[in-house]
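Bear in mind the structure is a predicted one, so any value in this text is a computation, not a measurement.
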Amino acid sequence: MTGFDPTLTAARLAMGLLGAGLLVCLIRLIKGPSLPDRVVALDLMAILMVGLMAVDALATGHMLPLRAAVVVALLAFLGTIAFARYLEKRVSR
Amino acid sequence: MKAWLVAGLLAFGALWMLIAALGVLRMPDLFTRMQASSKAGTLGIGTLMLAVGIHFGDLRAGAHALLIIAFFFLTAPVAAHMIARAAYLAGVPLWEGTERDELKVELGAGERERRLS
């Protein structure tokens with residue numbers, strides 16, 4: 001039975017869009033004139049990774065990537081905060 | 001019916017994430033870039049997680065999805081605020097078309113330059 005599955009098709013499309021988003025962010029990560037630009041690009045890349053994990057969980061039907069996504073979301077926030085603190089400290093010296 | 005709803009939410013969410021990434025690439029300065037990343041990114045991830053929750057349709061997956069949505073809604077503004085403040089004080093240039101600079105009024109004129117020197 002090989003019927004058309006809208007969910008799976010949309011999951012593949014979403015993966016393609018998120019992958020394109022990652023590449024676009026990578027350009028900004030390489031180009032980014034200042035360090036904060038790169039931090040913003042990295043932050044968005046982490047969010048895109050969380051989205052990819054969620055779509056992967058949906059496409060395969062396993063819950064495990066969803067749990068990993070929670071952890072990645074936490075770590076991305078901590079990393080961004082750490083970079084912001086570092087930037088502020090670096091200036092105030 | 002549920003499959004079509006999930007498919008629509010997936011496509012919508014992924015499209016918004018791509019728009020966020022394009023905004024980060026194309027916007028003229030750091031602060032407008034951050035605007036794109038935090039707002040469109042949060043909307044995209046929220047929609048994707050909604051799709052996941054509806055697709056699995058059980059309490060465990062729903063709780064995970066809700067956790068991630070709540071987490072991003074709480075942390076995205078905080079992270080954007082901290083980076084923007086740090087970058088502003090670090091002297092990252094504003095776009096030449098910027099009309100309002102409220103932090104400059106808050107700090108007092110010339111304070112940013114004084115901190116940089």
*Interface moiety of B:L22 toward chain A, non-hydrogen atoms closer than 4.5 Å*: both
*asked:* Under 4.5 Å from any heavy atom of chain A, what part of B:F72 do you find: side chain, backbone, both or neither?
replied: side chain
*Report the option among A:D43, A:D5, A:L66, A:V55 that has the most heavy-atom pairs separated by less than 4.5 Å from atoms of chain B.*
A:L66
*Do the side chains of B:V52 and A:L64 join up, straight or via other hydrophobic residues, at under 4.5 Å, putting them in one cluster?*
no
*Return the option, out of B:R26, B:R60, B:K2, with the maximum number of heavy-atom pairs under 4.5 Å with chain A.*
B:R60
*asked:* On a heavy-atom basis, which atom in B:M27 and which in A:R28 lie closest, and how many Å separate them?
replied: O-NH2, 4.4 Å
*Under a 4.5 Å side-chain heavy-atom rule over Ile, Leu, Val, Met, Phe, Trp and Tyr, are A:M49 and A:L75 clustered together?*
no
*What residue in A:T9, A:L35, A:I47, A:L18 has the most heavy-atom pairs under 4.5 Å with chain B?*
A:I47
*Heavy-atom pair with the smallest gap, counting every atom of A:P6 and B:A3*: CG-CB, 3.7 Å
*Between A:I27, A:V39, A:V50, which shows the greatest number of heavy-atom pairs under 4.5 Å with chain B?*
A:V50
*Looking only at heavy atoms, what is the nearest atom pair of B:I68 and A:A69, with distance?*
CD1-CB, 3.9 Å
*Could you grab the distance from atom CZ of B:F56 to atom NE2 of A:H62, nearest 0.5 Å is fine?*
9.0 Å
*Determine whether more than 12 heavy atoms belonging to other residues, nucleotides or ligands lie under 6.0 Å from atom CZ of A:F83.*
no
_B:L15, part contacting chain A, at a heavy-atom distance under 4.5 Å_ = both
*Which atoms of A:V70 approach chain B - backbone, side chain, both or neither, heavy atom under 4.5 Å*: both
*Most contacts with chain A, counted as non-hydrogen pairs under 4.5 angstrom, among B:A79, B:G44, B:G41*: B:A79
*Side chain, backbone, both or neither of B:L25 within contact of chain A (heavy atoms, under 4.5 Å)*: both
_Joint hydrophobic cluster, B:I19 plus B:L50, side-chain heavy atoms closer than 4.5 Å_ = no
*Run the side chain to side chain contact (heavy atoms under 4.5 Å, CB included) check on B:L74 and A:F77 step by step: do they pass?*
CA-CA 10 Å; B:L74 283 177; A:F77 174 62; over 6 Å; no
*For A:L8, is it the side chain, the backbone, both or neither that has a heavy atom under 4.5 Å from a heavy atom of chain B?*
neither
*asked:* Tell me whether the count of non-hydrogen atoms from other residues, nucleotides or ligands lying under 6.0 Å of CG in A:L23 goes above 12.
replied: yes
*Could you tell me which portion of A:L13 (side chain, backbone, both or neither) has an atom closer than 4.5 angstrom to a non-hydrogen atom of chain B?*
side chain
*Measuring heavy-atom distances to chain A, does B:L67 have an atom under 4.5 Å in its side chain, in its backbone, in both, or in neither?*
side chain
*When A:P33, A:A73, A:A20, A:A11 are compared by non-hydrogen pairs under 4.5 Å with chain B, the top option*: A:A73
*With only heavy atoms counted, which part of B:L48 is less than 4.5 Å from chain A, the side chain, the backbone, both or neither?*
side chain
_Can you give me the closest heavy-atom contact between B:A86 and A:L87, atom names plus distance?_
CB-CB, 3.8 Å
*Non-hydrogen atoms of chain A under 4.5 Å away: do they reach the side chain of B:V6, the backbone, both or neither?*
side chain
*Where does the angle between the aromatic ring planes of B:W4 and A:F4 fall among parallel (under 30°), tilted (30 to 60°) and perpendicular (over 60°)?*
tilted
*So, for A:V40 and B:M34, which heavy atoms are closest and what is the spacing to 0.1 Å?*
CG2-CE, 3.4 Å
*Using a cut-off of under 4.5 Å on heavy-atom pairs, state which of A:G61, A:A41, A:A76 scores highest against chain B.*
A:G61
*For chain B, find which of A:K31, A:R67, A:R85 contributes the most heavy-atom pairs closer than 4.5 angstrom.*
A:R67
*Check whether B:L18 and A:L42 end up in the same hydrophobic cluster, where Ile, Leu, Val, Met, Phe, Trp and Tyr are linked by side-chain heavy atoms less than 4.5 Å apart.*
no
*Linked, directly or transitively: B:L66 and B:L10 (ILVMFWY side chains, under 4.5 Å)*: no
*What are the two closest non-hydrogen atoms of B:V92 and A:P36, and how far apart are they?*
CG2-CG, 3.8 Å
*Between B:D29, B:T75, B:L5, which shows the greatest number of heavy-atom pairs under 4.5 Å with chain A?*
B:T75
*Which region of A:T80, side chain (C-beta onward) or backbone (N, CA, C, O), has a non-hydrogen atom less than 4.5 Å from a non-hydrogen atom of chain B, or is it both or neither?*
both
_Quick check on B:M49 against chain A: is it the side chain, the backbone, both or neither that has a heavy atom closer than 4.5 Å?_
side chain
*How about B:M17 and A:L17: do any of their side-chain heavy atoms sit closer than 4.5 Å?*
no
